[in-house]
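First comes the structure, then the notes that go with it.
In what follows, chains carry the letters A, B, and so on, assigned in the order in which the sequence lines appear, proteins first and then strands, with residues in each chain numbered from 1.
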2 protein chains.
Amino acid sequence: MNMTTSKVYIETFWQIHRMIEEAGLQPGDRLPSERELADRLGVGRSSVREALRALELLGLIETRRGEGTFMKPFGDHQLIQLLGSFILQGNREKRDLIETKVLIERICLQLACERLTDEKLERIKREEHTYHSFFRRIVEATDNYLLLRIWLVLTDFFKHIYTLTLPSEFYEQMWVALQKRSCEEAIAMYEQYVMQKMSKEN
Amino acid sequence: MNMTTSKVYIETFWQIHRMIEEAGLQPGDRLPSERELADRLGVGRSSVREALRALELLGLIETRRGEGTFMKPFGDHQLIQLLGSFILQGNREKRDLIETKVLIERICLQLACERLTDEKLERIKREEHTYHSFFRRIVEATDNYLLLRIWLVLTDFFKHIYTLTLPSEFYEQMWVALQKRSCEEAIAMYEQYVMQKMSKEN
DNA sequence: GAAGTTAAGTGGTCAGACCAGTGACCACTT
DNA sequence: AAGTGGTCACTGGTCTGACCACTTAACTTC
């Protein structure tokens, strides 16, 4: 009967994924139970479970014994953590990660200078900041959701390797540069503080 | 019996992972069968399978029906691809995709100018090129594997939306710029041909 | 009304069965 | 000697049914 060569749990994975999209499930929402999914999709419960494990690893869902399966807030992909311990073992990979992150952040700085609205600028000023919370605002200011996604992934990796803390004057001076929409100044600031620190630790 | 609160398939995942490390398994090597693993670890076969699914998703192993489970060549972590398809899912603005791709390609051009070896330069000259085969060489020349992965994902999506063909003089002139290691010239060329075309179609 | 009990539902796990490929082995043909 | 086809043991893929541990809510009981 199974004419297709594709494996059931792969099929099931995508079916559940599609189901999530079509139902427009939001973080916190509950998925049908494993038994119901198996029944509805016409597959065995074990296949459903193997598919759910994949979704779990991707950080899309979370299972709670006795309660059910729930949508997880997008962003904490624990798979990043896992990947880190697998992929980022070598110095080669770390070097690539840092280099890529720095390149992307420099781009974002440039874009942010062009696109940052006064409103967002004000909000940045009012907030307390760590390096990544600060830069998240920068990346958000680029108004490019895809770029933000990429940056988030890189940062997730990065956090598992390094802890980056900068003196408060960095944020203050950077904010001034942003306010002046001075791309050159912002980049200079970035190179002075961040890149220097990065090259040391490496 | 099960004093620990951690789930069996998680435990099993790490045990198999440890087993791989301790045995020093190399790409192509075969793992014990699912039944033997279940037996040796004292757990059910379904738990072993759920653990194997995770390892598979991480790109560490590959299962072949009738043959067994094998270590996978290091490097093709298809989860990056998967992750990409999640990041890019939905009707993300084409604008974001194009903008990001362009930004990354410009970066890669700059890096390539610094790092391109004469040998690679020669090979590029000899080859027939489409836009993406050409640029792949550029991105490879950055010697940053992570950047390459990101670019591949973006390009993958891009291909589903646009077909980008450029006149052959683009490749010739770009090659000359690369040979001269002239970053400015290469970027100028890129802006003249690619960005102009992109902004039209959009 | 508050506290304790019960029952239904859920994920977690296991064991066993069967299917569908693979590969080695062996008897048989040419 | 070389090729052919069948058999058989083993592998991953799948399904089923049975428990367990846990949560929740409805239902007692005081």
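Here C/dG12 presents its P atom at 13 Å from CG of A/Leu37, a figure rounded to the nearest Å. Atom CZ in A/Phe70 sits about 12 Å away from atom C1' in C/dG9, given to the nearest Å. The interatomic distance linking B/Tyr9 (OH) with C/dG11 (P) rounds to 11 Å, in whole Å. Across the protein-nucleic acid pair, A/Glu62 atom CD and C/dT10 atom C1' stand 15 Å apart, rounded to whole Å. Per the geometry, CZ belonging to B/Arg30 stands 11 Å off C1' belonging to C/dT22, to the nearest Å. When the P atom of D/dC15 is taken as reference, atom CD of A/Glu11 falls 12 Å away, rounded to whole Å. The CG atom of B/Leu52 sits 8 Å away from the P atom of D/dG12 (whole-angstrom rounding). One atom, NZ of B/Lys7, and another, C1' of D/dC20, lie 15 Å apart when rounded to the nearest Å.
Remark: of the listed residues A/Tyr171, A/Phe170, A/Phe135, A/Phe170 is the sole one forming a ring-ring contact (aromatic ring centres under 6.0 Å, His included) with A/Tyr193.
Annotation: cation-pi geometry satisfied between B/Arg64 and B/Phe70 (NZ/CZ under 6.0 angstrom from ring centroid, within 45° of ring axis).
If you check distances only, the side chain of A/Arg35 does reach the base of C/dG11 with a donor-acceptor pair under 3.5 Å. A/Arg45 contributes a side-chain N or O that forms a donor-acceptor pair with the base of C/dG12 under 3.5 Å.
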Let me check I have this right: for DNA chain C, each base becomes ., (, ), [, ] or |, based on Watson-Crick or G-U pairs with both distances under 3.5 Å. What is the full string? ||||||||||||||||||||||||||||||

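The side chain of B/Thr63 contributes no N or O atom lying less than 4.0 Å from OP1 or OP2 of D/dT11. A close approach under 4.0 Å does occur between a side-chain nitrogen or oxygen of B/Ser47 and OP1 or OP2 of C/dC14.
Residue B/Lys101 holds its NZ atom at 8.0 Å from CG of B/Leu97, rounded to the nearest 0.5 Å. Here the straight-line distance linking atom CE of A/Met71 with atom CZ of A/Arg30 works out to 14.0 Å at 0.5 Å rounding.
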Apply salt bridge (charged side-chain N to carboxylate O under 4.0 Å, His left out) to the pair A/Arg45 and A/Glu34, showing each step before the final yes or no. CA-CA 6 Å; A/Arg45 193 178 154 213; A/Glu34 296 180 353; 3.0 Å; yes

Can you tabulate the close N/O pairs, meaning under 3.5 Å, that link protein atoms to atoms of nucleotides 23-25 of chain D?
unit_1: D/dT24; atom_1: OP1; unit_2: A/Glu67; atom_2: OE1; d: 3.3

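When atom types are taken as modelled, the side chain of B/Asp96 and the backbone of A/Tyr145 share a donor-acceptor pair closer than 3.5 angstrom.
The nucleotide whose nearest atom lies closest to any side-chain atom of B/Glu34 is, among D/dT11, D/dG13, C/dG12, D/dG13. If you check C/dG12, D/dC15, C/dT10 against the side chain of A/Val8, the one that comes closest is D/dC15. For A/Ser46, counting side-chain heavy atoms from C-beta on, the closest listed nucleotide (D/dT11, C/dG12, D/dC15) is D/dC15.
Salt bridge annotation for B/Asp118-B/Arg181: present, with a cationic side-chain nitrogen under 4.0 angstrom from a carboxylate oxygen. Taking 4.0 Å as the cut-off between side-chain N and carboxylate O, B/Glu50 and B/Lys7 do not count as a salt-bridged pair. For B/Arg53 and B/Glu56, the salt-bridge test passes: some basic side-chain N is under 4.0 Å from an acidic carboxylate O.
Contacts of A/Arg49 with the nucleic acid, taken as non-hydrogen atoms under 4.0 Å apart, include base atoms.
Other residues, nucleotides and ligands place no more than 12 heavy atoms under 6.0 Å from the CD atom of A/Glu128.
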